[in-house]
Novice: 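A single structure is presented below for examination.
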Amino acid sequence: MTEIQVVGRYSVDAPVLRYDPTRAELAAHLDGQPRYRLDQIWQGLYEQGTSLEEITNLPKALRAALADALPSALEPEAESVSRDGETVKWLWRLHDGRMIETVLMHYRERTTVCVSTQAGCAMACGFCATGQSGFDRQLSVGEIVEQVIRARVSSAPRRVSNVVFMGMGEPLANYDRTWAAVERLHDDMGISARHLTISTVGVIPGIDRLARESLPVNLAVSLHAANDTLRNQLVPINNRYPIGQLTLACERYLAAKNRRLSFEWALIDGVNDRGSDARELAALCHRLRAHVNLIPLNPTPGYPTRGTPRSGVDAFRSVLEQQGVNATVRHNRGTEIDAACGQLRASRQIVDEPDRR
Ligand code: SAH
């Protein structure tokens, strides 16, 4: 097989992983093979989502050569399944020993995979387990895409309908690879743009780039505070991209894409769950016609404050509803399996127990 340049890698020295190459790059890789082989391999990889070894219409020697040349990106380090079986979470080990998480969530009307885009994160939100541990490196296209492939294999016969870029890392700080992954999921796995959601801490240049892309994906903004004083503390990047400018970027996105915007709001006891917080949030939502996802804060090792108790969550939501704003409460799915927000990795690094439940 020939040496090829693969643009989806995170650095020039990184190995080429199974889901890194584009179709054209894979074609170059198959130098000397008949053309139909490319279709067989591509289809095997993206439509069947099986391991290369199982693409049985390929000659055995070619399968072995491909498996060698294009190793899988993800080694399972831990897998936990919730008691009702509806949430599955993986902790994957990458080729360089870094760890990332993926979550599969079944709902009555859809099945969603939540993927990581970076190993670690540089955004330093104090309440977030990944933010507390700092940035390791970017994920490659193949490392992002393979998370969906692996979840899809496990999800069968239920089809993965939605993908949310809400796992570890800031997707818009790894823009090119995240976007290449979006295109791969859309073009090659048949997931529609309406079912793809990018969640950002509010990286304005990234939002503006998204507005210029042709696929109209959903945008979720992790707001958590609707005034700059509080948001500067909770989400440090707000010092660089304050709420006024972020709001304008969201307006530009909406004008370009005509998609519903959602705000994520982790309810933190006594910090951002007061009536005044709800009213400030409602005002922003009116302006942007945004929907709100409320998530009672999941406790993390490095942050002393707890999540808002149930009664406070209900009260916050009623204020929003009185103001005419739609809000969904996301009850911490998978808290029991450490499935929320980097906790599986965090718990692994603190206590070295196998399946901590
Ligand atoms: N960096 C991106 C995507 C990853 S975080 C972003 O900020 O949107 C996905 C969501 O989980 C974000 O809304 C984030 O603020 C939230 N989150 C992080 N830690 C949390 C915690 N401990 N409890 C509840 N939500 C949390």
Novice: Arg63: what forms a salt bridge (charged side-chain N to carboxylate O under 4.0 Å, His left out) with it, not counting sequence neighbours?
Specialist: none
Novice: Just say parallel, tilted or perpendicular for the rings of His224 and Phe127, cut-offs at 30° and 60°.
Specialist: perpendicular
Novice: Report the residues that fulfil ring pair (Phe, Tyr, Trp, His ring centres under 6.0 Å) with Phe165, sequence neighbours left out, ordered by chain and then residue number.
Specialist: none
Novice: Under 4.0 Å between a side-chain nitrogen and a carboxylate oxygen: does that hold for Lys257 and Glu213?
Specialist: no
Novice: Can you name the residues that form a side-chain contact (heavy atoms from CB on, under 4.5 Å) with Gln322, not counting sequence neighbours?
Specialist: Ser318
Novice: How would you list all residue pairs meeting ring pair (Phe, Tyr, Trp, His ring centres under 6.0 Å) that involve residues 289-321, not counting sequence neighbours?
Specialist: Trp265-Phe316
Novice: His286: what forms a side-chain contact (heavy atoms from CB on, under 4.5 Å) with it, not counting sequence neighbours?
Specialist: Gln323, Val325
Novice: Asp277: what forms a side chain to side chain donor-acceptor pair (under 3.5 Å) with it, not counting sequence neighbours?
Specialist: Arg274
Novice: Taking only residues two or more places apart in sequence or in another chain, which ones pass side-chain contact (heavy atoms from CB on, under 4.5 Å) with Arg240?
Specialist: Ile237
Novice: Going by salt bridge (charged side-chain N to carboxylate O under 4.0 Å, His left out), name the residues that satisfy it together with Arg137, two or more places apart in sequence or in a different chain.
Specialist: Asp96, Glu143
Novice: Filter on salt bridge (charged side-chain N to carboxylate O under 4.0 Å, His left out), then keep only pairs touching residues 182-195, sequence neighbours left out; what's left?
Specialist: none
Novice: Considering only residues two or more places apart or on different chains, which pairs with a residue in residues 173-182 satisfy salt bridge (charged side-chain N to carboxylate O under 4.0 Å, His left out)?
Specialist: Asp176-Arg209
Novice: Verify, without hydrogens or angle tests, whether Asn326 (side chain) and Glu321 (backbone) share a donor-acceptor contact under 3.5 angstrom.
Specialist: no
Novice: Please name the residue in the list Val141, Val148, Val145 that meets the side chain to side chain contact (heavy atoms under 4.5 Å, CB included) test with Tyr19.
Specialist: Val145
Novice: Begin with the C-alpha distance, continue with both residues' side-chain angles, and end with the deciding distance and a verdict on side-chain hydrogen bond (donor to acceptor under 3.5 Å, both in side chains) for Glu264 and Ser222.
Specialist: CA-CA 5 Å; Glu264 311 284 303; Ser222 298; 5.5 Å; no
Novice: Taking everything shown except Arg310 itself, do over 12 heavy atoms lie less than 6.0 Å from its CZ?
Specialist: no
Novice: Indicate yes or no: does Arg18 engage Glu146 in a salt bridge with an N to O separation below 4.0 Å.
Specialist: no
Novice: If I compare all heavy atoms of Gly206 with all of Leu172, which pair ends up nearest, and what's the gap?
Specialist: C-CD1, 3.8 Å
Novice: Suppose we screen for side-chain contact (heavy atoms from CB on, under 4.5 Å). Which residues come up paired with Ala151, at least two apart in sequence or across chains?
Specialist: Trp90, Leu104, Val113
Novice: Side chain of Asn174, backbone of Thr117: donor and acceptor closer than 3.5 Å?
Specialist: yes
Novice: Under a 3.5 Å cutoff, is there a donor and acceptor pairing between the side chains of Thr308 and Asp273?
Specialist: yes
Novice: Look at the aromatic rings of Tyr46 and Trp42 and report parallel, tilted or perpendicular, splitting at 30° and 60°.
Specialist: tilted
Novice: Holding to salt bridge (charged side-chain N to carboxylate O under 4.0 Å, His left out), I want the full list of residues that pass it with Asp39, two or more places apart in sequence or in another chain.
Specialist: Arg23
Novice: Quick check: closest heavy atoms across Leu38 and Ala27, and the distance to 0.1 Å?
Specialist: CD2-CB, 3.7 Å
